A.B. asks: 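Here it is, the structure in full.
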Amino acid sequence: MEETSLIALRFLRAAASTLVVLHPGPLDSEVRGALGSLADEIVETNDEVFSSESYREGVDCVLRRGDVDEVLLTGDSWFGPVGDPAPLLARMDGTDLDAWDLLPPAPPREAFPDEGFPAVSDRPWFFTALRRSVFATDVWNGWWELPVAAGDRERHLLPFLADAGLVHERAYATEHLHSHDPGLFAPEDLLELGVPFVDRAVFTSYPPFLDRFAVLGQEIARSMSRRGYPLEVLHASLSSCVPPKALNTNLGLLSVLSDVAEDEEAASSISVGVVVHISDMDGVDELLHRLRFLPPNASVFVTTTEGVTAARLEGMLEAWATTNSHTYELRVTPHSPGRDMADFFVGCRDVIQSDQFDVVIKLHMRRAHWKTMNRLRYFRRYQFDNLLSSPGYVRNVLALFEKEDRLGAVFPPMIHIGYSTMGRGWALLERQAARLSESLGIRVPLDAVSPLAPYGGMWIARPAAFRVLTQRRWGFSDYSRRMERRYGHLAHLQERMVSAAVGQAGYYCRTVLNFTHAEIGYTALEYKVDQMFSTTRGWPVEQIRFLHRAGYTGYGGTVALVRMYVRTNHPRIAEAFRPAYRLALRAHRVLSAGRRVASRLRSEGRDDERETTT
């Protein structure tokens with residue numbers, strides 16, 4: 001259960017004489033226990049999702065418990081209270097009304113099901129209070145007889161009350177704001193007016209849609225924080241129910257950090273463990289130099305799969321350790337296709353499962369022969385600069401963990417210079433990700449296009465944030481090729497599941513950049529996006545939707561262009577031919593996967609030969 005819901009329920013508990021909680025479907029014992037001290041009655045409805053029809057049952061429960069002067073119909077459609085709601089309640093308590101509410105009922109909001117943001121036919125009401133006079137006549141029962149859909153029922157209530165001669169008033173004058181949907185499009189203005197609640201949709205909607213209307217979740221969250229709402233709780237609660245990349249975008253969870261420490265004493269007490277896999281000796285000197293940037297007494301665990309390499313590393317590590325206060329341990333692990341990920345989750349399981357360290361840093365030095373020298377050089381620079389740029393930068397990164405108790409992991413944003421990861425970050429592992437999520441009990445929604453992930457396999461994280469992903473006792477054999485049918489490429493899958501596992505554990509992720517890479521990355525990204533959108537009209541949200549509706553372009557051949565035309569202009573025909581197309585696409589993917597596996601086998605063979613030679 002989200003902690004934000006508990007905050008809301010505690011407020012309602014203090015304000016109400018009777019609190020009835022409605023829940024679609026059965027509650028698990030843990031949630032029921034959390035609600036036990038807050039709710040007078042818990043009603044588990046027969047619906048799988050929320051339906052406003054359940055309010056009728058809830059009101060009956062309240063009325064059966066005795067005389068009431070006012071019944072409030074609300075739900076988990078808002079975050080709050082933000083600031084002190086007492087003046088609002090006191091002001092409205094002194095009015096001679098039959099009903100009052102805070103905002104105009106929200107209209108149906110645009111949905112983006114293909115992007116992972118499906119339509120919501122019915123949502124909990126924001127804040128509507130009905131007085132005893134509404135229930136003393138047949139008005140209440142008569143309203144339920146109206147032939148309207150459940151999702152439209154709230155919008156019909158106030159006109160119905162007016163027709164019955166009852167008096168309604170809105171608590172705040174919002175006519176000068178976005179009259180269509182001020183809860184979504186004018187949240188900061190509402191906070192300025194004194195509205196002590198913020199619509200959830202401000203943080204949970206499709207990011208390009210919010211972008212079109214300049215709804216800035218980060219600014220709204222900071223405004224809530226200034227009014228006393230716990231920002232950490234907001235972030236952690238959202239991380240359990242919003243796709244990680246969407247949340248990272250909506251809340252602006254990117255920190256651009258300086259190489260100069262903001263506080264020289266910051267992070268001095270944080271205990272740090274480092275897990276480093278090394279199979280390429282080139283650049284080890286640079287890596288050891290950067291490890292000196294860590295706070296005193298860091299513990300470094302180095303893994304490698306070859307005895308000769310281990311012997312060379314032993315001498316280098318011993319000389320390195322004499323120049324600082326860090327300790328090291330060298331481990332020789334079995335050779336595995338999982339490489340650094342296998343060494344992290346299996347070879348160093350004791351490190352990441354223990355409570356010895358506040359944070360664990362995962363790094364690696366391995367060569368991929370398919371990368372050009374420029375790409376390999378930039379990849380390493382991108383990872384190391386954005387995690388271990390300088391002593392001051394490292395202090396600033398670790399200070400994030402010190403200041404933000406719910407921060408689970410930090411890593412650089414998706415690399416996009418020299419790599420074509422954007423748009424295909426799942427690497428065809430979506431089905432395996434869904435299967436692994438189900439088996440591990442991860443209920444965090446997965447991103448539809450590319451996950452928020454530490455592409456490149458380097459990050460800094462709290463061990464507790466990984467407990468969901470490490471609850472299964474992985475073995476080196478899980479990374480073998482015979483297991484690919486079940487997990488795909490497990491190392492790549494685990495890398496892409498980091499943010500979902502962190503969210504399930506009650507934490508959230510941040511991405512981090514230093515100033516140099518912020519300058520390099522933003523300008524390159526702006527130019528590429530500008531070029532990509534040059535042939536489509538409309539706002540980005542419309543351009544993206546059009547391109548998604550048209551489907552995969554392939555290499556722009558005749559078949560792909562005809563298929564895109566049919567999907568865009570004749571969707572029913574496209575749907576009829578979809579089974580045959582899927583069969584052909586599956587065959588193409590099998591052939592492509594075969595070529596990739598063969599290429600990887602050749603590459604790994606060269607790596608093995610190089611390691612043996614070394």
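Values in this document were obtained by computation on a predicted structure and should not be read as measured data.
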A.B. asks: May I have the step-by-step check of salt bridge (Lys or Arg N to Asp or Glu O under 4.0 Å) for Arg395 and Glu265, ending in yes or no?
C.D. replies: CA-CA 9 Å; Arg395 282 194 179 277; Glu265 300 301 318; over 6 Å; no
A.B. asks: Is there a donor-acceptor contact under 3.5 Å linking the side chains of Thr470 and Gln353?
C.D. replies: yes
A.B. asks: Enumerate the ring pair (Phe, Tyr, Trp, His ring centres under 6.0 Å) contacts for residues 393-416, please, sequence neighbours excluded, ordered by first and then second residue.
C.D. replies: none
A.B. asks: With a 4.0 Å cut-off, would you call Asp355 and Arg462 a salt bridge?
C.D. replies: no
A.B. asks: Which atom names give the shortest non-hydrogen contact between Leu429 and His492, and what distance separates them?
C.D. replies: CD1-CB, 3.8 Å
A.B. asks: Go through the side-chain N and O atoms of Thr4 and Glu2 and say whether any donor and acceptor fall under 3.5 Å apart.
C.D. replies: yes
A.B. asks: Just to verify, what does Val468 make a side chain to side chain contact (heavy atoms under 4.5 Å, CB included) with, not counting sequence neighbours?
C.D. replies: Ile442, Gln471, Ala501, Gln504, Ala505
A.B. asks: Where do Met341 and Lys362 land on the side chain to side chain contact (heavy atoms under 4.5 Å, CB included) test, with the steps shown first?
C.D. replies: CA-CA 9 Å; Met341 297 296 282; Lys362 180 184 177 298; 3.5 Å; yes
A.B. asks: Please find out if less than 6.0 Å separates the ring center of Phe112 from that of Tyr206.
C.D. replies: yes
A.B. asks: Side-chain donor-acceptor pair under 3.5 Å between Arg339 and Ser279, yes or no?
C.D. replies: no
A.B. asks: Side chains of Ser5 and Asp76: donor-acceptor distance under 3.5 Å anywhere?
C.D. replies: no
A.B. asks: Taking atom types as modelled and ignoring hydrogens, do the side chains of Tyr479 and Gln494 form a donor-acceptor contact shorter than 3.5 angstrom?
C.D. replies: yes
A.B. asks: Centroid-to-centroid, Phe344 to Trp474, below 6.0 Å?
C.D. replies: no
A.B. asks: Between Glu232 and Tyr508, is there a side-chain donor-acceptor contact under 3.5 Å, judged purely by atom types and distance?
C.D. replies: yes
A.B. asks: Who pairs with Arg366 by salt bridge (Lys or Arg N to Asp or Glu O under 4.0 Å), at least two apart in sequence or on another chain?
C.D. replies: Asp340
A.B. asks: Quick check: are there more than 12 heavy atoms from other residues, nucleotides or ligands sitting under 6.0 Å from CD of Gln531?
C.D. replies: yes
A.B. asks: For Glu188 and Arg222, what are the C-alpha separation, side-chain angles and deciding distance, and is it a salt bridge (Lys or Arg N to Asp or Glu O under 4.0 Å)?
C.D. replies: CA-CA 10 Å; Glu188 288 185 276; Arg222 287 176 177 172; over 6 Å; no
A.B. asks: I want to know whether Trp539 and Phe213 have ring centres closer than 6.0 Å.
C.D. replies: no
A.B. asks: Glu314 and Tyr328: side-chain donor and acceptor closer than 3.5 Å?
C.D. replies: yes
A.B. asks: Show, in sequence, the C-alpha distance, side-chain angles and deciding distance for Ile544 and Leu547, and conclude whether the side chain to side chain contact (heavy atoms under 4.5 Å, CB included) test is met.
C.D. replies: CA-CA 5 Å; Ile544 293 168; Leu547 293 172; 5.9 Å; no
A.B. asks: Step by step, would you call His326 with Trp320 a ring-ring contact (aromatic ring centres under 6.0 Å, His included)?
C.D. replies: CA-CA 9 Å; His326 304 330; Trp320 168 81; 5.8 Å; yes
A.B. asks: Regarding Thr303 and Arg331, do their side chains bring together a donor and an acceptor under 3.5 Å, going by distance alone?
C.D. replies: no
A.B. asks: Please check if any side-chain donor atom of Ser439 sits under 3.5 Å from a side-chain acceptor atom of Arg472, or the reverse.
C.D. replies: yes
A.B. asks: Could you please spell out the steps behind the salt bridge (Lys or Arg N to Asp or Glu O under 4.0 Å) verdict for Asp385 and Arg290?
C.D. replies: CA-CA 9 Å; Asp385 281 0; Arg290 289 180 183 266; 2.7 Å; yes
A.B. asks: Any salt bridge between Glu3 and Arg10, counting N to O under 4.0 Å?
C.D. replies: no
A.B. asks: Taking NZ, NE, NH1 and NH2 as the nitrogens, is one of them in Arg380 or Glu286 under 4.0 Å from a carboxylate oxygen of the other?
C.D. replies: no
